[in-house]
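Computed from a predicted model, the values in this text were never measured in an experiment. Order of listing sets the numbers, starting from 1, for every ligand and every atom in it.
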Amino acid sequence: MRRSIATVCLSGSLEDKLYACADAGFDGVEIFEQDLVVSDRSPEEIRALADRLGLSLDLYQPFRDFEGVTPELLEENLRRARERFETMRRLGVDTVLVCSNVATATVDSDQVSAEQLRRLGDLAASYGVRVAFEALAWGRYLDDYRRSWRIAELADHEAVGVCLDSFHILSRGHDPAAIEDIPGDKIFFVQLADAPGLTMDVLSWSRHHRLFPGEGVWDLGRFVTHLARAGYTGPLSLEVFNDVFRQTDTFRTAQHALRSLVWLEDRAARLLADDGAVRHAAGSAAGSTHGSGLERIADVDVPTGYDYVEIKAEDTSDVEVLLDQLGLAFRGQHRTKPVRLWSSGDARIVLNEQHAREQEPHLAGIGFGVADASEASDRARALAVRPAPRRTQAGELDLAGFVAPSGLEVFLNDRRTETPGGQEPAWAAEFDRGRPGGGGEITGIDHLNVSHGWDAHDEAVLFYTSVLGLEKPSVTEAAGPQGLVRSQVMRSASGAVRVSLNVAPVGVSHPEHIALACTDVVEVARRARDRGLRPVPVPDNYYDDLRARFGLDEATLSLLREHQLMYDRSAAGEFWHFYTPRVGRVCFEVVQRTGGYDVYAGDNTPVLLAAQDRLDRGGARPSGW
Ligand SMILES: O=C(O)c1ccc(O)c(O)c1
Ligand SMILES: [Mg+2]
């Protein structure tokens, strides 16, 4: 389907926006009126630029407060409309979005609104313009798309149809299935936005918090299937009012936006195909995706586990001290690069000193095991993800790598070899001169906690959703001394891969951590202490709180206190864990899950943040203590 975007989604001047949309690969744009009003380019110049860039101008919007008014006001509104149609003629745009009256409506009547829209339709037709009527979620009388369609139907004018905007429909909890009752050719335009699940007034939610499809809580794939079944063939257009995207780089945001549409089309096409298969089995011929115009891309190949985590620094020796204390073994040095591998069980940590001058230790890459790396790479390429540069020597495995938001490199590998200790990623054979893999208590990587700036978080959510097929079960918030840290947990359906995406407070380099799974956290902590590790200290107040919350016995509490362990419990099981101090920007967490405990001890995060802050300040207290 044609891909379009409202200029209101992006930062910059109207020309900047057009260049960025064309560069990202959009087919067309909606001109948000204010973007034109504040521009020093004439409508003719904008039209010529769009033409040169190969962009169609699909919609002019919004025309406000038209229907449900007194006869005197109607005449004034028609005069306003004539001026706008004049502008549209100069721009060469043939569809105007008219949103339901929020300010001046005094008549709550389908008949009256329909008659007034018919008058507007007559005027519009004389300019060759079509009117797409949109029910705003906060319209004075009209806030439901089913009613806007009823009114457009009553208006019974070839130049009057509806505009459907997923935000207004889904924010009110209205069932989108009734879209299928609207003839496709009367749906004149479609606007798409996702949103976070917030409880607030719909106007503020809409104007500040909309997200690109795939980044929020709504099933927009399903929404698009209703449009396809209604027979809609016009553009799918993003209309995302969002305070962050109004500030981020125009070109980057346009690319990010297009990725959301590519993902959405694929998802909707797959849902249609699945529904079609069901209908087919039930004996009906309907439901084929043929003709829906929705483009499918390569299958998603959800990672089956972590191959490795890469830490990069000019000097990684402090990290190696920590790994040794935790019981991982030095597996070897890479044959041709200043790269070293440490491991225990399936926990593989790659330490990279290549091209890392003056860099402190930080999380630089994640390797995932996938079933078919070439298919997974095709998908990433279809989603226009930038490939990661990699220098590979003859005889070395050429892993497919991609750059995730904030520069983290994600590598995908499907080549494994049998070793005496079990299966291993094939690239591990490129490391030698070390000891065999440790078979200690550490068994693998439990989860990763990665940080993004406030301006890259939503893009990161979309990356892990669209490229790797991870789900986003929950959002948590933890208060730290330097600000609130918001975390979006992303995980594979099996739980084998979990990545928690943190939004760091502005100006704070929030620690990233690698959580290692183990079979006996007390033993790991004991041995680490014998080897000189001082875990992140946990205050006594925390243990008092644990006693109050869980009624733990004194023996358990003193064991926890002795090893500076933290604890959590759910109906399904227990979670025991501790953190190492950080080295550069990274630290390690060691975790032991028992039973079916499947979350992340979110209540313990503020304890970590406060303790880490004390360590960063060298334990200094304000003077007077
Ligand atoms: O917030 C608004 O006013 C507004 C304007 C035009 C739209 O299409 C819309 O969905 C919202
Ligand atoms: Mg809209």
- prompt: Which residues satisfy the ring pair (Phe, Tyr, Trp, His ring centres under 6.0 Å) test with Tyr600, sequence neighbours excluded?
  reply: His447
List of N/O pairs, ligand 1 versus protein, all under 3.5 Å?
unit_1	atom_1	unit_2	atom_2	d
ligand 1	1 (O)	Arg207	NE	2.6
ligand 1	1 (O)	Arg207	NH2	3.2
ligand 1	3 (O)	Arg64	NH1	2.6
ligand 1	3 (O)	Arg64	NH2	3.1
ligand 1	3 (O)	Arg207	NH2	2.8
ligand 1	8 (O)	Glu134	OE1	2.8
ligand 1	8 (O)	Glu134	OE2	3.1
ligand 1	8 (O)	Gln191	OE1	3.1
ligand 1	8 (O)	Glu239	OE1	3.1
ligand 1	8 (O)	Glu239	OE2	2.8
ligand 1	10 (O)	Glu134	OE2	3.2
ligand 1	10 (O)	Asp165	OD2	2.9
ligand 1	10 (O)	His168	NE2	2.6
ligand 1	10 (O)	Arg210	NH2	3.2
ligand 1	10 (O)	Glu239	OE1	3.0

task: Answer yes or no: is there a side-chain heavy-atom contact under 4.5 Å between Glu30 and Gln191?
output: yes
message: Exactly one of Asp458, Asp455, Asn242, Thr248 should register a side-chain hydrogen bond (donor to acceptor under 3.5 Å, both in side chains) with Thr253. Which one does?
response: Thr248
message: Once salt bridge (Lys or Arg N to Asp or Glu O under 4.0 Å) is applied, what residue pairs with a partner in residues 195-213 remain, sequence neighbours excluded?
response: Asp165-Arg210, Arg210-Glu239
- prompt: Measuring from Ile31:CD1 to Leu14:CG, what's the distance to the nearest 0.5 Å?
  reply: 5.0 Å
query: Among protein atoms, how many N/O/S atoms lie less than 2.8 Å from the Mg ion (ligand 2)?
result: 4
query: Which heavy atom in Ile179 sits nearest to a heavy atom in Ile187, and how many Å separate them?
result: CG2-CD1, 4.2 Å
field: Row check, Phe63 ring normal vs Arg84 NZ/CZ: under 6.0 Å, within 45°
entry: no
- prompt: Would Phe241 and Phe167 satisfy ring-ring contact (aromatic ring centres under 6.0 Å, His included), going step by step from the backbone distance to the final call?
  reply: CA-CA 10 Å; Phe241 302 85; Phe167 183 89; 8.6 Å; no
task: Hey, can you tell me if His174 and Tyr145 have their rings parallel, tilted or perpendicular (30° and 60° cut-offs)?
output: tilted
